[in-house]
Amino acid sequence: MKDDYIIVEVAVPIPVFETYIYRLKKSKTENLPDKELIGRRVLVPLKKTKTVGIITDVKEISDIDKFDFEIKDIEEIPDRYPIYSKEYIELLKELSEFYLSPIGLTLYYGMPDSLRWKYIKSKNRWEKIGFNNYIIYTTVNITDSYKLPKRQKELLEYVISVGETSYEDLTEIGFSPITIKSLINKGLLKKENLYFLEETEQFRLKQNIKPFGKEFLKKGIFLYSSERIEKRLENYVNLIANSIYEGKSSLIIFPNVATLKKAYKFLKPIFEDKLYIYFDGLKSKEKIKTWFNLKNLSGLVCIGTFSSIFIPIKNLSLLVIEEEHSNSYKLMRVPRFDIRNFGYKLYKNKKNLTFILASSTPSVETVYLKEKGLAKSFKENRDLLKSIKSKIIIESFNYSEIDEKLKYLLKDKDNILLLANRKGYSSILYCEVCQTEITCERCDIPLKVHINPKRLECPLCNTKYEFINNCIHCGNRLSQFGFGVEKLERELKKIFPDKRIRVETTIIDKELLFDKYETVVNIFPDIFLRKADFKADEKFFRAVVYPYIKSTKNYILITNKREHIGIKSLINKSIELFYKNELDRRKILNYPPFKQFILLSFEGKELKKSHVEKLFKDWLEKFNIKDIDYEGVFFAYYPYLREKFRYQIILKDFKEKFLLKELFNMATKRAIKLIIDVSPKEIK
DNA sequence: AGCACGCCGACT
DNA sequence: GTCGGCGTGCTC
């Protein structure tokens, strides 16, 4: 009897760090066109319900005696092919271990959302969101010339009218499987499996794109910071063409959809049907098609956002992460890992991968990779700032004079981008009688005033409140203080009704990456230095330097931090000056990348600092942890968020990371939510 | 996560 | 006496 089963390890989408063991009946694998089990989706029972999981390993049948729990059977294998490759399963396992991100959740959120089936217990059925096993379409456009039964005629007319549909859609609206089948047999309907497209046509590059020699398709990690994003994209065309010419595939990742779409417009006419796009907002059918084509075929190019890193692309030879410093490459939710690190793992694992980390203002970590000799410069080592000719004007900041100053500075300018990292209309609403600010009920921080529509909004949890004129305690009229971009925009439009002025809070992570303006005004980036974050100087530097790259004639910087190294490197037109200084500083202070940080955030409704201290002490004692570098429990930068108190601990270079899983379990038992952030991007 | 169990307070 | 709120435990 034993021989009729295969024992497999399955990662299920629940917040635990382990995988579970299931039995798979051999007969269920007999008709599979691909015998590989690892990377497959499986439908499994889990406690009193069912879930979709991913096979991560195949065990020896003799292991069965080792388990002291009842082993349940896999109910079904829903797909003809695995969705992840063995290689990606291996790497994602390692990465989840490194970031202490539950493997089941990592694989679950990595796959196309339409494959994340949910079992609805009350309805006793699976919810297959937008799922289609194969598409049904037709090549005819009129039904008149065919003699068909009434129902078949209706079906054919329906398919003609919608163009492309699915088996599920058709049965859902009332066509029987027999009707569908007979039209398929007559050749009037065609079905195409999305999972399995044949490797057919020989792709020809458009005339004007010629393979470029092989000098840039070498194995290696490269830092590409010597040119602007427009210019970089032009260079990728040659690399992609090279890769396709060799029958291999490329992946270019962008930090946001707006930038991605601009890149698509540029690349589509060049690479036509060899170009695929992948991002969360894509239609589920398209996502599945892109996923499986990239997994099964070769000689393609994909551009996408964060989620595209999960596609197990066949013969990947070029990986580019654009604007690699962006915060969007590490999510604040599961899977809590940094895709740059995944790129690094892919690079280590593949024989020939060109891995490019590109940014006009790269992250300190990536510059450090270059310092250590792990990454090389892509193209010549030239400072981008030296090629920018726009004039730098530095002015001091004073809140009461800002309107007058802008009026004076902008009087002879046009085509202006104005940046101020202040959301909303004004910063606070204040009662001068009670001397209190109007604050968010859930976060206890001042609400910002917004207009269009007029409302109050919490800058942290985004809860919206009705605008009030009078104080809720004494009825006195409330006053507004501070300014935001909405107020700046309104007032500048009043002063200069004919000028082209765009007002934004930030450039980074907006579609502005490709845009240029004659004059860029940057108001008070000093705000980035207010937070005692280890990355504060880097953020300030980027906030000062990045807008300069977008200006063609004038760059007006309004700041009171003239002595900061970030501004010095701008004036000296040398980004290297900043990185050298910053690396020295971080080394002295034992900050990343010299020490690895693990940020522990504890959250709870009635949580007190002493509870966290007790929990941490108990953990240290229980596991006899002596060798640990941390500076105690402190209040988080936002100590009260969404009705929860928040405390943090920073561990430096903590080696026994697996023990944090136990801390996580202990915290859960005490109703404390613990968020473990390995190599945090920011501390907030 | 998502479900069940079990202990309390509020209700017919 | 029992309905349901949510704290706690567990998933191969």
Side-chain angles (χ1 to χ4, degrees), chain A residues 1-2 4-26 28 37-77 89 93 96-97 99-111 113 115-129 331-337 602-608 611-612 614-615 618 622 642-645 661-676:
Chain A
M1 280 308 278
K2 253 190 171 183
D4 297 338
Y5 289 96
I6 304 165
I7 303 298
V8 292
E9 202 180 275
V10 175
V12 288
I14 55 173
V16 297
F17 298 104
E18 304 84 40
T19 48
Y20 289 155
I21 301 293
Y22 285 90
R23 292 198 311 185
L24 175 60
K25 236 195 177 118
K26 272 189 178 158
K28 285 197 193 291
L37 291 176
I38 295 174
R40 272 185 187 282
R41 276 199 317 162
V42 283
L43 307 183
V44 294
L46 183 69
K47 209 171 178 186
K48 296 271 163 98
T49 181
K50 301 176 190 193
T51 187
V52 54
I54 302 282
I55 299 181
T56 54
D57 206 359
V58 178
K59 297 272 175 202
E60 292 298 318
I61 194 81
S62 55
D63 290 340
I64 203 159
D65 306 320
K66 291 185 206 154
F67 308 123
D68 55 356
F69 42 77
E70 179 209 356
I71 300 171
K72 290 185 184 171
D73 286 351
I74 286 175
E75 290 193 0
E76 218 179 307
I77 295 184
I89 290 287
K93 252 177 158 175
S96 295
E97 194 67 30
Y99 285 106
L100 295 168
S101 179
I103 175 69
L105 290 173
T106 302
L107 296 175
Y108 187 71
Y109 287 111
M111 66 172 139
D113 52 0
L115 299 180
R116 289 178 218 150
W117 294 2
K118 280 207 163 68
Y119 186 72
I120 312 295
K121 224 190 151 198
S122 57
K123 292 178 186 163
N124 191 26
R125 67 169 174 87
W126 288 90
E127 205 171 79
K128 308 171 183 184
I129 321 117
L331 297 187
M332 291 313 284
R333 53 163 175 87
V334 279
R336 198 180 297 279
F337 66 66
F602 302 85
E603 294 183 2
K605 277 230 164 84
E606 302 292 329
L607 194 59
K608 299 220 161 53
H611 298 155
V612 178
K614 178 82 169 52
L615 166 70
D618 290 350
K622 187 170 174 189
R642 294 185 185 91
E643 298 171 331
K644 281 178 184 153
F645 291 96
K661 296 175 184 176
E662 302 296 337
L663 180 63
F664 178 88
N665 293 337
M666 284 168 72
T668 310
K669 282 210 176 95
R670 298 182 195 192
I672 299 170
K673 189 179 169 193
L674 170 58
I675 298 151
I676 305 167

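Considering only side-chain atoms of A/Lys118, the nucleotide from C/dT8, B/dG2, C/dC12 that sits closest is B/dG2. Looking at the side chain of A/Phe69, the nearest of the listed nucleotides C/dC12, B/dA1, C/dG9 is C/dC12. Counting only heavy atoms from C-beta on, A/Ile21 has its side chain closest to C/dC12 among B/dA1, C/dG9, C/dC12.
Following rounding to the nearest Å, A/Tyr20 (OH) and C/dC10 (P) show an atom-to-atom distance of 11 Å. Note: CG (A/Leu46) to C1' (B/dA1) measures 9 Å, nearest angstrom. Per the geometry, CH2 belonging to A/Trp126 stands 13 Å off C1' belonging to B/dG2, to the nearest Å. Rounded to a whole Å, the CG atom of A/Asp68 is 14 Å from the P atom of C/dC10. Between the CD1 atom of A/Ile6 and the C1' atom of C/dC12 there is a distance of 17 Å, rounded to whole Å. Protein atom NZ of A/Lys121 is 16 Å distant from nucleotide atom P of C/dT11, rounded to whole Å. What separates CE of A/Met666 from P of C/dT8 is a distance of 15 Å, to the nearest Å.
Between A/Asp73 and A/Lys28 there is no salt bridge, since no side-chain N of the basic residue sits under 4.0 Å from a carboxylate O of the acidic one.
Among the atoms of the strands shown, none is found under 4.0 Å from any heavy atom of A/Val44. As judged by a 4.0 angstrom heavy-atom cut-off over every strand, A/Tyr22 is placed among residues touching the sugar-phosphate backbone only. Here A/Pro13 lies out of heavy-atom contact (under 4.0 Å) with every strand. Within the nucleic acid shown, A/Ile71 comes within 4.0 Å of sugar-phosphate atoms alone, with no base atom in reach, counting heavy atoms only. Within the 4.0 angstrom heavy-atom criterion, only backbone atoms of the sugar-phosphate kind lie near A/Glu70; the bases stay farther away.
For the pair A/Tyr5 (side chain) and A/Ile61 (backbone), a donor-acceptor distance under 3.5 Å is absent.
Side-chain contact annotation: A/Thr56 with A/Thr19, donor-acceptor N/O pair under 3.5 Å absent.
OP1 or OP2 of C/dC12 has at least one side-chain nitrogen or oxygen of A/Lys72 nearer than 4.0 Å.
A side chain to side chain donor-acceptor pair (under 3.5 Å) with A/Tyr119 is found for exactly one of A/Thr49, A/Asn124, A/Thr51, namely A/Asn124. Just one of A/Lys93, A/Arg40, A/Arg23 meets the salt bridge (Lys or Arg N to Asp or Glu O under 4.0 Å) condition when paired with A/Glu9; it is A/Lys93.
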